[in-house]
Amino acid sequence: MDLGDTPSLQTRIGSSLLTPRDAYPLYSAIGNLFDRAMPGNPARALNVASAVQGAFACALIVLVGASLSGSVAAGAAAALLFATSYTFWSQSIIAEVYALHIIFVALTLLLALHWADRPTSGRLAAFFAVYAIGFGNHLSMILLAPAFAIFLLASAPNGWRSMLAPRVLAIAAVCACVGALPYAWNLSTLWLLPDPPGGLVDGLRRFWFDVTKADWRETMVLQVPQAMVGDHAAMYAFDLEQQFGWVGPLVALAGLARLTMTNGRQAALVLAIYVVNVAFAFGYNVGDSHVFYLPSHLMVALLAAPGLVLAGEVLRRRQLVAALLMVYAGSRAWRDYPALDRSHDDRPISVLTELTRGLDDRHSILLTDLNWQLQNGLSYFGHAIAPAVAYERMPAVLLYAPALIADNAAINREVALTERARNTLIASYGPLIPSERDPRVLTPSLADATRDLPAGTRYVFCILKPTRDLSLDWDDIGRALSAITGRLVRVPDGDYAVIAGRIGQPPDLLLGSNRPFRRSLDLEGVPVSIRMESWLAADTIRRMGFGHVVVGREHTLIVERGVSFAAFDASGRAMQTAYAANIFAPQPRYLIR
């Protein structure tokens with residue numbers, strides 16, 4: 001399981017209800033099939049579904065790359081380049097909708113190219129149908145519309161007016177209706193809720209508001225502050241290098257030049273898809289804007305295919321050039337695999353297990369007010385892993401909290417509170433409902449977690465600027481660093497700060513920066529790689545973590561915003577980890593007295 005949006009997808013798998021707010025009906029339907037094939041663990045089923053979808057997307061990319069370049073080898077190299085790109089890889093091993101989205105981007109592109117090669121009504125209908133069905137997974141398919149519209153009009157064998165013929169419009173309308181059918185699932189669920197719509201018009205209005213998330217998208221689409229434009233441009237340069245290094249974009253530029261010379265319409269199609277998706281992601285003021293660059297990353301990888309053909313023609317070694325790009329992509333995969341491997345990442349389960357320790361619905365209830373990523377995680381945790389935990393969000397029960405607490409006390413059921421829930425209760429009812437710390441839940445400070453480690457133990461201590469709702473406890477950080485180094489240590493300035501060395505000795509590395517970086521060092525014969533893989537000015541959500549510490553080939557620490565610490569042995573196995581000022585920090589719990 002995971003935190004963030006992912007557990008909300010994992011929680012509803014297997015359910016017959018899907019509200020408009022849940023959206024993604026096609027993704028959910030496919031997820032239900034995987035859940036039936038792999039019963040008992042919805043999170044694993046959806047993770048596997050993403051991996052299968054990612055692999056299928058790469059197969060389609062081979063075909064699209066071959067169509068653009070005339071070379072299967074070049075298409076395969078382009079697919080491998082995209083498969084090993086950081087964001088696509090990270091989204092294809094967790095429950096997320098983006099691997100399936102790339103399937104539809106690649107498949108519609110392939111069908112459009114095939115139709116242009118031999119325009120028939122059947123091929124056009126196939127393109128319309130797949131494009132429409134793609135909306136059942138993600139509404140950002142609309143970003144492909146300008147490029148495809150221009151391409152179809154320009155490629156129509158009987159002139160652009162033939163694309164507006166009644167027969168063509170009828171095919172498009174029928175396909176659009178078929179593509180909209182999956183959303184009937186979301187719409188029909190409205191009438192099964194406690195507050196059903198007053199009629200069809202009211203239902204459609206509520207459906208559209210929720211499925212498009214109009215309440216928050218209007219404040220985020222094209223809403224990047226002007227002062228942040230330069231920073232977003234720098235973030236995009238970082239993001240592009242993170243995906244492909246400098247080789248990928250250079251080969252893609254060569255590919256765009258060759259495609260422009262050989263087939264201007266195809267070049268315009270790929271370039272238009274790239275530009276529109278980059279512009280949307282650039283102006284989308286959300287905490288995970290990096291995932292919305294994925295379709296543009298795909299266009300870069302696809303343009304690499306004709307770029308390889310051009311280089312092969314110049315060098316007269318077409319197969320060799322394709323093989324070299326495959327080796328390049330493979331070397332990046334070898335380098336990134338330890339950081340992207342999450343097969344042992346049990347942090348979400350660990351933090352929620354500790355938060356709910358000792359609770360069950362026979363003897364207790366838990367009232368929560370958590371960060372939304374943790375709250376979503378608790379939804380899945382309570383649904384699939386610990387169904388005996390009874391919990392409810394404090395904002396939902398605040399108006400009748402005294403009665404709820406009294407009724408549970410009357411049947412000897414204790415009422416537990418998370419910290420923010422307790423603060424909310426105090427703000428509303430003052431001293432009328434006293435509470436105290438629950439001793440069953442341990443919340444060690446950084447100083448506690450770093451105390452009494454054996455001298456000479458290797459460690460990495462990372463401090464990343466926390467999100468606005470959290471703050472660093474500099475006194476605790478100072479005590480922890482004193483315990484680690486045996487002396488006062490000045491934390492380096494910068495949004496990213498790293499201190500590394502051996503317990504009881506002066507640090508081997510003191511590094512601060514306002515930009516992400518990668519740094520390698522040797523700690524007493526052990527190679528350590530410290531990688532910052534985020535852009536803090538734009539990223540508040542990084543499902544793969546904001547950075548990584550890799551020791552040898554061992555994924556030792558996933559770095560989050562706030563404080564992340566690991567002490568490890570010579571093999572890279574973490575002996576002690578600790579987090580503070582982030583969603584993986586220990587959460588205190590309270591009991592109503």
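Checked against the 6.0 Å centroid criterion, the rings of Y293 and Y236 qualify as a close aromatic pair. Residues H344 and H555 place their aromatic rings such that the two centres sit no closer than 6.0 Å.
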Apply side-chain contact (heavy atoms from CB on, under 4.5 Å) to residues Q242 and H290 and explain how you reach the verdict. CA-CA 11 Å; Q242 184 186 49; H290 59 279; over 6 Å; no

So Q243 and T87, side-chain hydrogen bond (donor to acceptor under 3.5 Å, both in side chains) or not? Walk me through it. CA-CA 7 Å; Q243 312 308 316; T87 301; 3.0 Å; yes

Please assess H138 against Y98 for the test side-chain contact (heavy atoms from CB on, under 4.5 Å), listing each intermediate value before the final yes or no. CA-CA 8 Å; H138 207 288; Y98 301 106; 4.0 Å; yes

Taking it one step at a time, do L536 and S534 satisfy side-chain contact (heavy atoms from CB on, under 4.5 Å)? CA-CA 6 Å; L536 296 186; S534 56; 3.7 Å; yes

Please report the C-alpha distance between L340 and Y86 in whole Å, then the side-chain angles of each, then the deciding distance to 0.1 Å, and finally whether the side-chain contact (heavy atoms from CB on, under 4.5 Å) criterion is met. CA-CA 8 Å; L340 289 166; Y86 190 92; 3.7 Å; yes

Stepwise side-chain hydrogen bond (donor to acceptor under 3.5 Å, both in side chains) check, H297 with D239: CA-CA 10 Å; H297 297 162; D239 181 78; 2.7 Å; yes

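Looking at heavy atoms from C-beta onward, I273 lies out of side-chain contact with V276 at the 4.5 angstrom threshold. For the pair T19/N186, no side-chain contact is recorded, criterion being any heavy-atom separation below 4.5 Å from C-beta on. Residues D336 and T84 are not in side-chain contact: their nearest non-hydrogen atoms beyond the backbone lie 4.5 Å or more apart. Considering only heavy atoms from C-beta on, M163 comes within 4.5 Å of L124 through its side chain. Side-chain contact check for W246 versus E241: every heavy-atom pair is 4.5 Å or farther apart. No side-chain heavy atom of H101 sits under 4.5 Å from any side-chain heavy atom of Q53. Within the 4.5 Å cutoff, no side-chain heavy atoms of V62 are placed close to those of L80. A heavy-atom distance below 4.5 Å is found between the side chains of F34 and V52.
One finds the CG atom of N137 at 8.0 Å from the OH atom of Y24 (value rounded to the nearest 0.5 Å). Interatomic distance, S331 OG to M326 CE, rounded to the nearest 0.5 Å: 13.5 Å. Atom CG of L109 and atom CD1 of I61 lie 10.0 Å apart (nearest 0.5 Å). Rounded to the nearest 0.5 Å, atoms CE (M1) and CZ (F381) are 7.5 Å apart. The CG atom of L63 sits 5.5 Å away from the CG atom of L110 when rounded to the nearest 0.5 Å. With values rounded to the nearest 0.5 angstrom, F207 atom CZ is found 8.0 Å from L204 atom CG.
The main-chain N or O of V291 is never found under 3.5 Å from a side-chain atom of D288 such that the two would form a donor-acceptor pair. In terms of modelled atom types and a separation under 3.5 Å, the side chain of T11 and the main chain of Y380 share a donor-acceptor contact. Between the N376 side chain and the G4 main chain, a donor and an acceptor come within less than 3.5 Å of each other. A side-chain donor-acceptor contact under 3.5 Å links T108 to the backbone of F104. Between the side chain of N32 and the main chain of G14, a donor-acceptor pair closer than 3.5 Å is present. The backbone N or O of F82 lies less than 3.5 Å from a partner atom in the side chain of S85, making a donor-acceptor pair. The main-chain N or O of I541 is never found under 3.5 Å from a side-chain atom of D539 such that the two would form a donor-acceptor pair. Formation of a donor-acceptor pair under 3.5 Å by the Y131 side chain with backbone atoms of L144 is not found in this model. Formation of a donor-acceptor pair under 3.5 Å by the S92 side chain with backbone atoms of G54 is not found in this model. In this structure, N582 contributes its side chain and R561 its backbone to a donor-acceptor pair below 3.5 Å.
Around CH2 of W208, the count of heavy atoms belonging to other residues, nucleotides or ligands within 6.0 Å does not exceed 12. Within a 6.0 Å sphere centred on CZ of F517, other residues, nucleotides and ligands contribute more than 12 heavy atoms. Within a 6.0 Å radius of CZ in R335, other residues, nucleotides and ligands contribute more than 12 heavy atoms. The 12-atom threshold is not exceeded at CZ of R317, counting heavy atoms of other residues, nucleotides or ligands nearer than 6.0 Å. Other residues, nucleotides and ligands place more than 12 heavy atoms under 6.0 Å from the CH2 atom of W191.
The shortest heavy-atom contact between L17 and W185 is C-NE1, 4.1 Å. Across all non-hydrogen atoms, the minimal contact from L325 to A304 is CD2-CB, 4.4 Å. Of all non-hydrogen atoms in A83 and W89, the two that sit nearest each other are O-CB, 4.0 Å. In this structure, L113 and S67 approach most closely via the heavy-atom pair CD1-CB, 4.0 Å. Residues P306 and S69 come closest through the heavy atom pair N-CB, 3.6 Å. Shown here for L302 and G65, the closest heavy-atom pair between the two residues is CD2-N, 3.8 Å.
Both the sub-6.0 Å distance and the 45° axial angle are not jointly satisfied by R542 relative to the ring of W535.
Using modelled atom types and a 3.5 Å distance limit, the side chains of S50 and N47 yield no donor-acceptor pair.
Of the residues listed (R342, R347, R543), the one engaging D2 in a salt bridge (charged side-chain N to carboxylate O under 4.0 Å, His left out) is R342, and it is the only one.
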